[in-house]
Amino acid sequence: MTLLGIILAAGQGKRMKSKLYKVMHPVCGKPMVGHVMDILDQVHADRKVVIVGHGAEMVQGYLGERAEYALQAEQLGTGHAVLQAKDLLQTEEGTTIVICGDTPLVSAETLQRMIEIHIAEKATATILTAKLENPTGYGRIVRDTGGNVIAIVEQKDCTQAEQAINEINAATYLFDNRSLFKALSQVDNKNVQQEYYLPDVIGIMQKAGQRIIGFCTEDEAEVIGVNDRVALSEAEEYMRKRIIRKHMLNGVTIIDPANTYIDKEVVIGEDTVILPGCSLRGNTTIGVDCIIGPHSEIIDTQVGDLVQIKQSVLSEAVVDNECAIGPFAYLRPGAKLGKRVKIGDFVEIKNASLGDDTKVSHLSYVGDATIGKNVNFGCGAITVNYDGFNKQLTEVGDNAFVGSNANLIAPVKIGKGAYVVAGSTITDEVMEEDMAIARQRQINKPGYAKKLRNKMQSKKNNTQK
Ligand code: UD1
Ligand code: CA
């Protein structure tokens, strides 16, 4: 059987009051339309068509090859939107899923069960519904006394009696493909909003004597349609809980789920502990047996096993096994740490690789650099990589020692096993195993401090008289 998918994503989403098109608003780090596309992938839809209009370029740019596209130039309603897929799909025999780009929480499991029932029961339409305490804003499911679905009525078109119905249309449907396009051609726009409503096909099919199933989910959360920012935050909360639960069931300890933020694509290994206040974003992966947090933000970063990260920010970094980072470290794009590297407090690393066992323990900046293995960067030592015009490279060989508060003025090389004396400003290459000292010699003036103090004190006494 051919399984087709249509995602409605052409609306602007006025109620969001946003420059960003509604379906591109992220939930747990991923645009809503991306979540919906994931659902269609998970049920193995053979063809997927996204109806685009507002923000078409952006939506298409984001989803790329994952779908085919049909343009709805003018947004005349959800029924009109589905009609735009007619040229692409009308000759197909099969089942068509129609789902909205603003319902990111529908689960693939629910959709899969709907598909099974729809096929087993030879239904023409199967509608996902839910019973809500507050159904305001949603289309209502009208059933006859026998419990059969006979129509869907939009909130704005409801009679008082219909408004009291608490079973709502989640706007996820399965249709017999041919019957869908046939019924759509009969939908008109004689309603309060003067739109061509997709739900009207249900009434049309019912009158034609076709079988319609209302599939009511127990999980109210999954039907959330995000029309405004309030619903967006609700969707975020539910999605967040769902993601965190999945990690916990996979063997990750999450100390404070209410204060932990994990994007959908993040991967975390077993026996890793996530302490309160962490944000794990984008394409981040974290290995096994790590301790992350408290209060760390990790974005698009690969972290190995047995790593500790305290109160730090990491973005587009790569961290190998057994590293210790923080508190208060900042790893910026291109930071690449070998095994057992230690990055201490107030250290910033950018576009720099550090070999195994290297330590940068406090108050350093390492940018545009290649640092070897087992190097010690003293407190306050920095690479001076920028002259106001160009970024220059620093190289430090294995086993070198860079003393505290040294300035390595790039471009510069420090050879293997070399020793840079504390406080040096290094402008020239230091060869292997050499020592470099580049600072003023110290002069001591015996008894001078006392002399100076006496002089200052008598001056002060004179002015006070
Ligand atoms: C819709 C349903 C309602 C249901 C609710 C569930 C209709 C008429 N109503 O209402 O029964 O309870 O979803 O969330 O279908 N879109 C287009 N082109 C258009 C209009 C809309 O592509 O011309 C897209 C939107 O981008 C959106 C989706 O269709 O992703 C749903 O449209 P929206 O305006 O949000 O419908 P609701 O009022 O929420
Ligand atoms: Ca909606």
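As the structure lists them, so they are numbered: ligands from 1, and atoms in each ligand from 1. Nothing fancy with the numbering, it's 1 onward along the sequence.
Taking a 6.0 Å sphere around NZ of K14, one finds it holds 12 or fewer heavy atoms contributed by other residues, nucleotides or ligands. Within 6.0 Å of atom NZ in K342, more than 12 heavy atoms from other residues, nucleotides or ligands are found, so the atom counts as buried in its surroundings.
Near G101, meaning under 4.0 Å from any of its heavy atoms, are these atoms of ligand 1: 30 (O). Ligand 1 places these atoms under 4.0 Å from at least one heavy atom of K22: 35 (O). Of all atoms in ligand 1, listed by their number and element, those nearer than 4.0 Å to a heavy atom of A81 are 17 (C), 18 (N), 22 (O). Listed by atom number, the atoms of ligand 1 under 4.0 Å from G139 heavy atoms are 3 (C), 4 (C), 11 (O), 12 (O). Below 4.0 Å from some heavy atom of C100 lie the following atoms of ligand 1, by number and element: 28 (C), 31 (C). The distance from ligand 1 to the heavy atoms of N169 drops below 4.0 Å at these ligand atoms: 3 (C), 4 (C), 5 (C), 6 (C), 11 (O), 12 (O).
Contact annotation for P199 and ligand 1: only side-chain heavy atoms (C-beta onward) come within less than 4.0 Å of the ligand. Using a 4.0 Å cut-off between heavy atoms, H80 makes no contact with ligand 1 at all.
Residue Y197 has no N or O atom closer than 3.5 Å to an N or O atom of ligand 1. Polar contact with ligand 1: present for G11 (N/O pair, distance under 3.5 Å). Of the N or O atoms in N227, one or more lie within a sub-3.5 Å distance of an N or O in ligand 1. Residue Y173 places no N or O, backbone or side chain, under 3.5 Å from any N or O of ligand 1. The N/O atoms of G77, backbone and side chain alike, include one that comes under 3.5 Å of an N/O atom in ligand 1. For ligand 1, the polar-atom distance check against E154 finds a nitrogen or oxygen pair separated by under 3.5 Å.
Counting only heavy atoms, the protein gets under 4.0 Å from atom 15 (O) of ligand 1.
Side-chain contact between L280 and I292 is present, with heavy atoms from C-beta onward closer than 4.5 Å.
Taking CD1 of I150 as the start and NZ of K207 as the end, the distance is 8.5 Å to the nearest 0.5 Å. A distance of 11.0 Å separates CD of E154 from CD of E162, quoted to the nearest 0.5 Å. With rounding to the nearest 0.5 Å, the separation of CG in D271 from CD1 in I291 is 10.5 Å.
The closest side-chain donor-acceptor pair between T136 and N134 falls under 3.5 angstrom. With 3.5 Å as the limit, one finds a donor-acceptor pair spanning the side chains of N177 and T96.
Nearest non-hydrogen protein atom to atom 30 (O) of ligand 1 is L8 O, 3.0 Å. Nearest non-hydrogen protein atom to atom 13 (O) of ligand 1 is A171 CB, 3.6 Å. Among all non-hydrogen protein atoms, the one lying nearest atom 32 (O) of ligand 1 is T78 CG2, 3.9 Å. At the top of the distance list for atom 22 (O) of ligand 1, counting protein heavy atoms only, stands A10 N, 2.9 Å.
Ligand 1 has no atom lying under 4.0 Å from any heavy atom of I51. Within the 4.0 Å heavy-atom cutoff, G53 does not count among the residues contacting ligand 1. L76 counts as a contact of ligand 1, since one of its heavy atoms falls under 4.0 Å from the ligand.
Between N227 atom OD1 and D102 atom OD2, the angle centred on the Ca ion (ligand 2) amounts to 90° (nearest 10°).
In this structure, of Q12, Q193, E195, R15, the residue bringing a heavy atom nearest to atom 38 (O) of ligand 1 is R15. Which of K14, Q75, K156, Q72 comes nearest to atom 18 (N) of ligand 1 through a heavy atom is settled by distance: it is Q72.
Backbone or side-chain N, O or S atoms of T103 do not reach the Ca ion (ligand 2) at under 3.0 Å.
Contact check on K391 versus D368 returns no salt bridge, with no Lys/Arg side-chain nitrogen under 4.0 Å from an Asp/Glu carboxylate oxygen. Salt-bridge formation is not detected for the pair D357/K373: no Lys NZ or Arg NE/NH1/NH2 atom is positioned less than 4.0 Å from an Asp or Glu carboxylate oxygen. Ionic pairing of E348 and R332 is present here: one or more N-O contacts between side-chain nitrogen and carboxylate oxygen are shorter than 4.0 angstrom. Ion pairing between a basic and an acidic side chain is recognised when a charged N comes within 4.0 Å of a carboxylate O; K241 and E237 show such pairing.
Using cut-offs of 30° and 60° on the angle between ring planes, the pair F346 and F328 is parallel.
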- Taking it one step at a time, do L89 and I6 satisfy side-chain contact (heavy atoms from CB on, under 4.5 Å)? CA-CA 10 Å; L89 300 183; I6 299 176; 3.7 Å; yes

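The one candidate from T285, D38, T284 that meets the side chain to side chain contact (heavy atoms under 4.5 Å, CB included) condition with E265 is D38.
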